[in-house]
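Only one structure is covered here, and it is reproduced in the block below.
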Amino acid sequence: MAQLSIVSGSVGLITLQNPPVNALSAAVRQGIVDTVEKALSDPKVKSVVIRGQNGVFCGGADIKEFGTKMTGPHLIPMIHAIEAGNKPMVAAIEGSALGGGLELALGCHYRVAHSKARLGLPEVTLGLLPAAAGSQRLPRLIGVPAALNLITTGRHVTAAEALQLGIVDQVTDHDTVDTAVKFALNVAGQSLDARRISTFPCPRPAELDALFEDAMQKVRKSARGAIAPVACVQAVRAAATLPYAEGLERERELMATLFNSGQARALQYCFFAQRAVGRWSTPSGARWDTSKPVPVPKAAVIGLGTMGRGIAVALAQTGLSVVAVETQEKQMMEAKQAVSGMLERGAKRRGVAPVSDKISYSGNIRAVADVDLVIEAVFEDMAVKEKLFQQLSAICKPGALLCTNTSALDVDHLASQTRNPELVVGMHFFAPAHVMKLLEVVYGRRSSTQAVATAMQLGKKMGKVSVAVGNCRGFVGNRMLKPYIEQAFYLLEEGATPELVDRALEEFGFSMGVFRMSDLSGLDVGWRVRKGDGLVEPGLASGPSARVRQGRRYSPLGDLLCEQGRFGQKTGRGWYQYEKPGGRVARSDPWLHSFLEGYRARHGLVARRIDHEEVLERCLYALINEGFHILEDGIAAGPEDIDVIYVFGYGWPRHRGGPMFYAGMVGLAKVLERLEHYHQAHPDVPHLQPCSLLRRLVASGSPPIHKWREVIRKLHSHL
Ligand SMILES: CCCCCCCCCCCCC/C=C/C(=O)SCCNC(=O)CCNC(=O)[C@H](O)C(C)(C)COP(=O)(O)OP(=O)(O)OC[C@H]1O[C@@H](n2cnc3c(N)ncnc32)[C@H](O)[C@@H]1OP(=O)(O)O
């Protein structure tokens with residue numbers, strides 16, 4: 001797991017061997033302890049280079065070990081032995097030096113990095129802090145403000161930035177190990193007194209208290225209840241205010257509070273879930289590892305509204321040639337301007353030249369004749385999309401993939417409009433499409449393996465987290481959103497206010513509560529869908545039937561607001577009021593409160609006191625219950641798929657792991673019991689009726705989330 005060889009006569013070369021990222025497993029730690037000891041005691045060895053196998057220095061502590069009984073040597077004394085050694089140790093950093101990997105490098109006396117390497121302390125993203133003395137060494141090396149930034153955000157820096165910050169001593173474009181070996185030969189025999197970071201005094205900036213106060217406020221605001229960023233600030237403060245040994249003790253204490261926390265478990269689950277969704281499969285047997293995507297050098301986007309513009313930008317930034325089609329002249333003019341602005345801002349952010357020449361515009365649909373893949377982002381109307389798919393099927397070259405960006409409509413039905421339904425898949429982007437990380441790839445009944453694989457690979461190339469899901473109304477994300485929003489409406493009817501509901505959800509960790517979010521996305525969007533579904537009945541009807549549709553409880557509140565022209569931020573009025581149309585600061589609206597009172601009076605509803613617990617249970621458990629239905633129906637292959645969709649596309653707080661993980665944390669039996677309770681109280685709300693998969697999981701002893709697939713498999717084999 002770590003090997004020592006002697007190169008150039010006197011340099012001990014220690015190679016970490018734990019593919020793919022040389023994580024510091026117990027065996028690797030033992031290997032390092034043994035090889036360092038050997039190198040230090042071998043008189044032939046005058047200096048040492050530590051490197052990782054296969055072009056990766058080290059991806060940090062082995063995250064898989066965290067949930068287990070940890071054995072083997074501890075990182076802190078291991079790194080200390082390296083730093084305290086009397087022979088120069090040089091870290092040769094290729095690929096990544098992250099977390100414990102960078103902490104190991106900080107224990108070395110020198111660091112040489114390849115220009116393409118990435119360095120960082122991302123422990124905070126796993127609910128932890130750099131507790132192998134990283135929180136104590138880094139501020140001593142690069143100063144408190146820079147260390148605070150790196151440690152509280154977990155961001156990775158390039159080798160160039162690492163050099164500028166003083167994290168590395170040299171950056172090379174050549175062979176990193178050769179360069180590091182030369183470096184080691186040069187420094188052999190030199191005094192190491194000034195190279196042991198733990199002995200450095202920590203630079204104390206003026207206004208230390210204000211600096212930490214400011215940092216604490218910043219992380220509290222952005223962390224939305226996450227505890228690790230707060231602990232990270234406290235650990236760096238210890239570095240700045242305490243001697244090294246005491247700071248280390250504080251680091252250990254803080255780590256002890258984080259290490260077994262639910263948040264750390266949730267964040268580490270998210271890390272693996274994000275990777276697991278890349279190993280997709282479909283009920284028809286298509287799989288990520290046996291399917292072959294086709295190359296897509298040229299793509300088209302049809303419809304240049306908000307979504308189409310974002311998709312065109314995302315495709316162009318990936319390096320594809322893009323044909324952007326819009327038939328309305330005014331929309332085209334506005335789109336061209338908007339797209340060029342987005343490309344320029346994106347290029348500036350990434351420090352590259354804008355790729356405006358990658359996009360050609362046309363008002364004629366025939367311009368898509370030679371592309372490899374089309375993504376339609378036209379108006380969300382089945383008749384419009386049907387016609388478009390018929391046209392595309394006639395115009396496009398043989399084999400071209402036809403993708404729809406619909407957020408809810410039937411992909412199979414659209415496929416049936418074409419000559420080659422096997423070439424049709426959904427590519428459901430999230431607004432703004434060039435920014436949001438999530439992509440739902442929707443396979444239809446007849447979608448070919450190759451079509452799914454191509455869409456998944458294109459998503460990956462675009463830097464998206466792509467999740468393959470089955471076809472149903474709203475797919476995974478929007479299907480689960482429906483019962484969540486529905487509960488929020490019912491809570492208003494029963495006595496809550498938008499402010500109360502939103503506060504409960506935001507305190508839970510959502511970036512925006514359901515009503516603020518609806519105001520942002522536009523209330524008219526859902527209204528149009530409900531109209532299409534025949535649910536909207538105009539006017540201020542009263543009596544019991546006014547709140548029933550198709551035999552179920554229905555709240556017309558959203559429809560009534562839309563009838564008043566209250567579409568949310570864009571009209572300056574929605575569930576809240578805004579300073580002007582397009583304004584962003586939501587303020588409580590007395591009109592809305594008296595409207596709710598009038599509504600309740602008209603329907604004979606008596607407002608009651610509703611607390612945060614009920615808001616969370618009703619909204620979240622209804623959403624989770626739908627998640628179980630989705631698993632039962634085979635629309636999502638596993639709970640990880642659902643959780644990744646919610647974390648990356650719907651603002652679910654990552655430190656709570658996603659809705660299905662959260663259900664496991666709360667306890668499946670409790671979720672079931674509360675759903676039964678609420679369903680009894682509201683028998684006319686089918687979404688509150690516990691799903692039979694949830695019952696089955698509870699009956700089989702509430703297995704941990706990674707075992708749910710076995711229960712689901714059994715369920716499917718009985719059907
Ligand atoms: C009472 C209790 C007291 C508490 C005290 C206990 C203390 C004990 C612990 C002390 C810990 C000290 C502090 C140190 C902490 C850490 O180091 S935490 C880890 C920090 N590192 C990271 O977060 C990096 C994570 N990895 C990545 O970001 C990327 O993987 C990469 C390195 C940039 C490579 O990316 P890419 O090439 O895209 O490959 P991936 O697909 O992401 O990964 C490939 C496979 O490798 C697996 N993997 C990656 N990193 C790790 C890891 N650190 N540990 C385990 N496994 C890892 C990844 O899951 C992939 O696996 P497969 O999906 O199976 O292919």
Side-chain angles (χ1 to χ4, degrees), residues 1 16 18-29 32 52-80 93-107 114 116-138 150-151 153-159 228 231-232 235 248-261 264-265 267-280 288-289 437 460-461 463-466 638 640 644 654 706:
M1 287 290 176
L16 314 185
N18 186 14
V21 301
N22 300 313
L24 295 164
S25 62
V28 174
R29 297 196 302 276
I32 296 174
Q53 199 183 33
N54 295 335
V56 180
F57 180 71
C58 175
D62 187 341
I63 306 166
K64 287 194 190 96
E65 275 186 358
F66 288 167
T68 67
K69 193 168 170 293
M70 290 181 75
T71 56
H74 282 278
L75 274 176
I76 290 189
M78 179 195 93
I79 296 172
H80 180 73
I93 300 172
E94 296 174 299
S96 305
L98 297 172
L102 179 55
E103 292 174 294
L104 167 65
L106 292 175
H114 190 268
K116 294 214 169 101
R118 289 278 190 278
L119 299 88
L121 293 176
E123 286 89 338
V124 69
T125 63
L126 299 167
L128 304 174
L129 60 85
S135 74
Q136 303 305 299
R137 282 201 178 91
L138 194 65
L150 258 60
I151 292 173
T153 61
R155 76 183 176 92
H156 301 181
V157 297
T158 59
C232 285
L248 209 56
E249 180 53 23
R250 182 80 182 116
E251 181 192 86
R252 197 197 61 76
E253 283 166 13
L254 289 164
M255 180 65 155
T257 64
L258 299 179
F259 196 65
N260 291 318
S261 67
R265 275 168 60 196
L267 287 159
Q268 288 157 29
Y269 162 82
C270 280
F271 175 84
F272 290 114
Q274 186 180 341
R275 282 150 184 85
V277 299
R279 295 188 283 271
W280 57 272
W288 65 284
D289 52 350
K437 291 279 280 181
K460 195 171 173 189
K461 274 193 181 163
K464 306 286 179 203
V465 180
S466 309
E640 297 85 358
V644 165
R654 197 178 163 98
H706 63 273

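Computed from a predicted structure; not experimentally measured. Numbering of ligands and ligand atoms starts at 1, following listing order.
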Pairwise side-chain contact, V21 with L98, heavy-atom cut-off 4.5 Å (strictly under): no

Heavy-atom pair with the smallest gap, counting every atom of G127 and A228: C-CB, 3.5 Å

Between CE on residue M70 and CZ on residue R29, distance to nearest 0.5 Å: 4.5 Å

Check: D62 side chain, A23 main-chain N or O, donor-acceptor pair, under 3.5 Å: no

Once you restrict both partners to nitrogen or oxygen, which atoms of ligand 1 have a protein partner under 3.5 Å, and how far apart are they?
residue: ligand 1; atom: 17 (O); partner: A61; partner atom: N; Å: 2.8
residue: ligand 1; atom: 17 (O); partner: G100; partner atom: N; Å: 2.7
residue: ligand 1; atom: 21 (N); partner: G59; partner atom: O; Å: 2.9
residue: ligand 1; atom: 42 (O); partner: R275; partner atom: NE; Å: 2.7
residue: ligand 1; atom: 42 (O); partner: R275; partner atom: NH2; Å: 3.1
residue: ligand 1; atom: 53 (N); partner: G59; partner atom: O; Å: 3.2
residue: ligand 1; atom: 53 (N); partner: A61; partner atom: O; Å: 2.9
residue: ligand 1; atom: 54 (N); partner: A61; partner atom: O; Å: 3.4
residue: ligand 1; atom: 54 (N); partner: I63; partner atom: N; Å: 2.9
residue: ligand 1; atom: 63 (O); partner: R279; partner atom: NH1; Å: 2.8

Heavy-atom side-chain proximity of M1 to L16 below 4.5 angstrom: no

Sub-4.5 Å side-chain heavy-atom contact between L258 and E123: no

